[in-house]
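Some notes on the structure that comes next.
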Amino acid sequence: MPVPIDIAKVARLARLALTSEEMERYGAQLGAILEHAASLQALDIEGVPPTAHPLPMLNALRPDEVEETLDREEVLGQAPDREGPYFRVPPFMEEA
Amino acid sequence: MGYEAVIGVETHVEVATRSKMFCGCPNGFGAEPNTHICPVCLGLPGALPVPNVRAIEATVSLGLALGAEIAPRSVFHRKNYFYADLPKNYQISQFDLPLCRGGHLDVETETGVRRVGLTRVHLEEDTGKSTHLGESGRIRAAEAVLLDFNRSGVPLMEVVSEPDLRSPEEARAYAAELRALIVALGISEARLEEGQMRFDANVSVRPEGSMALGTKVEIKNMNSLRSLQRALAFEVERQTPLLEAGREVEQETRHWDEAAGVTRAGRSKEESSDYRYFPEPDLVPVTLEAALLERLRSALPELPAARRARYRALGLEPDAARLISEGEGYGDLLDAAVAAGAEARAAALWLSGEVTAHLRRVGMSLASTPLTGAHLAELDALVAAGRLSATAAKEVLAGVLAGEGAPEEVAARRDLIQISDEGVLAAAVAEVLAAHPDELARLRAGEQRLVGFLVGKVMQTTGGKADPRRVSEAIRRAAQ
Ligand SMILES: [Zn+2]
């Protein structure tokens, strides 16, 4: 059963400018993925608690301690653009 | 028909940890740009976040102080959106399993104590800081944007209130009380001018007495208690005439423009589903054991409301009780002064008067002055014993604050100690009376104004060190 999908909205949220041909192609591909995932709904999960993670792990935390930072020149040297001690990027809207 | 506002406030607070939320970069304001950065807070590929346990404990402490339900199991989610100061293109936040849920905060308002319900308290990470180049206050006109990622990944607590507030003033009082609580708990210094505490608010207006909720507008970008109140007042003023005219208020997000004093409509209509929240696959759930909760609960300090009540019981006026409870270090100093024998009201008066004025003048905190509770007690005792006049006490206090030593020492060095020995005082009075027999006779005959003249003479012969009140009593006694 095909799963309905608003490919234009997905593209907008991902800030992707897709041609109508791409929308059709990716839409079909995403639909197939969702359809596959939807088959999980056929499983009987009565009594299985919801989980957010496949690993049987909890509380992987760190103490509040300061560690080494990166060298600014090394990092900024790899940025596409910089201005003094800052990264420089094109202007963007407050609310894209 | 009257209208009332229905307001809920979202408060963001930077948690004062040593290191950031998910990496070991230092968490501190005012460093050189882009010096507190690492692969995690720059969002470099392959970098893995690890939560800071202290930030989690601080959030739980606030939840406990608010009487919230602490989640036995809590999960971090990704909130996906694009913004240049968000290097990963998602923010690690919390969604349906926040650390704390429910609870309340009692807020003193003009109309009495209002219990404000809380929806949740959760933990997330702050973004970097962007500076728009070439702007004239307008982001649209910017030529480029400069980014500093020192703040990226700083632990950020979000406290969401229920829509229980009914006026901009109440919203401000709520925010002030929450701030006092956060400072008392040591979660953050909550310095508004440094952006450590920021507000968003939901506001709608409805006919007074109505239970229905109007269309709510979200206002963002308030960075002080004053701008929170101003933005809400503007919004209530904007929405009320619309309703009075039978028109609709549009559901939207508006931005507070501090300089212009107005809210402006935002461009986007993003909904929660547009953020495509999903459980952060790089992090495992957090469980909070009963033993940890017990430890945090027993470590809670005296909360601001309790402290104010205690000071009021000691005789302080409500305003003084609030000032002493909330001024940095004031409460502890007053407690130390009282423990050392000072009268609470006298000590509070010095703290709110001379001490506050001094700190303002020199731009220092109380902790960086040499003043102790024992000093205030000593000063109080000197005044009570009549050895120091009220005016001289202020001068002595200034000397103590300037590091000249303990009150007695400062008073002696500045030659401010009054004659307290009854014998010495009586001798000085007798000497003056003997030298002015005519005046004494006229006083005895009823010429009362001569008391002042004779007191002046005694003050002269004692070099101003006699207590004029006691001298005047002694002269009146002698004249009888
Ligand atoms: Zn980092």
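Each chain gets a letter, A, B and so on, in the order its sequence line appears, and its residues count up from 1.
For the pairing with B:Phe76, the ring pair (Phe, Tyr, Trp, His ring centres under 6.0 Å) check across B:Tyr90, B:Phe22, B:Tyr277 returns one residue only, B:Phe22. Test B:Ile56, B:Val13, B:Asn27 against B:Pro155 for side-chain contact (heavy atoms from CB on, under 4.5 Å) and you get one pass: B:Asn27.
Interface summary for chain B: among A:Pro63, A:Ala60, A:Gly84, the most heavy-atom pairs under 4.5 angstrom belong to A:Ala60. Ranked by heavy-atom pairs shorter than 4.5 Å toward chain A, the options B:His77, B:Arg276, B:Arg73 are led by B:Arg276. Highest contact tally toward chain A, considering only B:Asn52, B:Leu97, B:Val53, is held by B:Asn52 [criterion: heavy-atom pairs under 4.5 Å]. Among the candidates A:Glu67, A:Arg82, A:Glu83, the residue making the largest number of heavy-atom pairs closer than 4.5 Å to chain B is A:Glu67. In terms of heavy-atom pairs under 4.5 angstrom with chain A, the leader among B:Pro281, B:Cys41, B:Cys23, B:Pro279 is B:Cys23. Contact count against chain B (heavy-atom pairs under 4.5 Å) is highest for A:Asp64 among A:Leu70, A:Asp64, A:Leu55. Chain A forms more heavy-atom pairs under 4.5 Å with one residue of B:Val75, B:Leu42, B:Thr17, B:Val50 than with any other, namely B:Val50.
Neither the backbone nor the side chain of A:Val10 comes within contact range of chain B, judged by heavy atoms closer than 4.5 Å. Of the atoms belonging to B:Ser130, it is side-chain heavy atoms, and not backbone ones, that fall under 4.5 Å from chain A. Residue contact with chain A, scored on non-hydrogen atoms closer than 4.5 Å, involves the backbone and the side chain of B:Pro39 alike.
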TODO: Show your reasoning for whether side-chain contact (heavy atoms from CB on, under 4.5 Å) applies to B:Glu124 and B:Met21.
DONE: CA-CA 8 Å; B:Glu124 57 189 32; B:Met21 184 63 222; over 6 Å; no
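At a threshold of 4.0 Å, the pair B:Asp257-B:Arg264 counts as salt-bridged, since one of the basic side-chain nitrogens sits closer than that to a carboxylate oxygen. With salt bridges taken as basic N to acidic carboxylate O contacts below 4.0 Å, one links B:Arg254 and B:Glu235.
In this structure, the side chain of A:Arg15 does not engage the main chain of B:Tyr81 through any donor-acceptor pair within 3.5 Å.
Under the 6.0 Å cut-off for aromatic ring centres, B:Phe149 and A:Phe87 qualify, their centroids lying closer than that.
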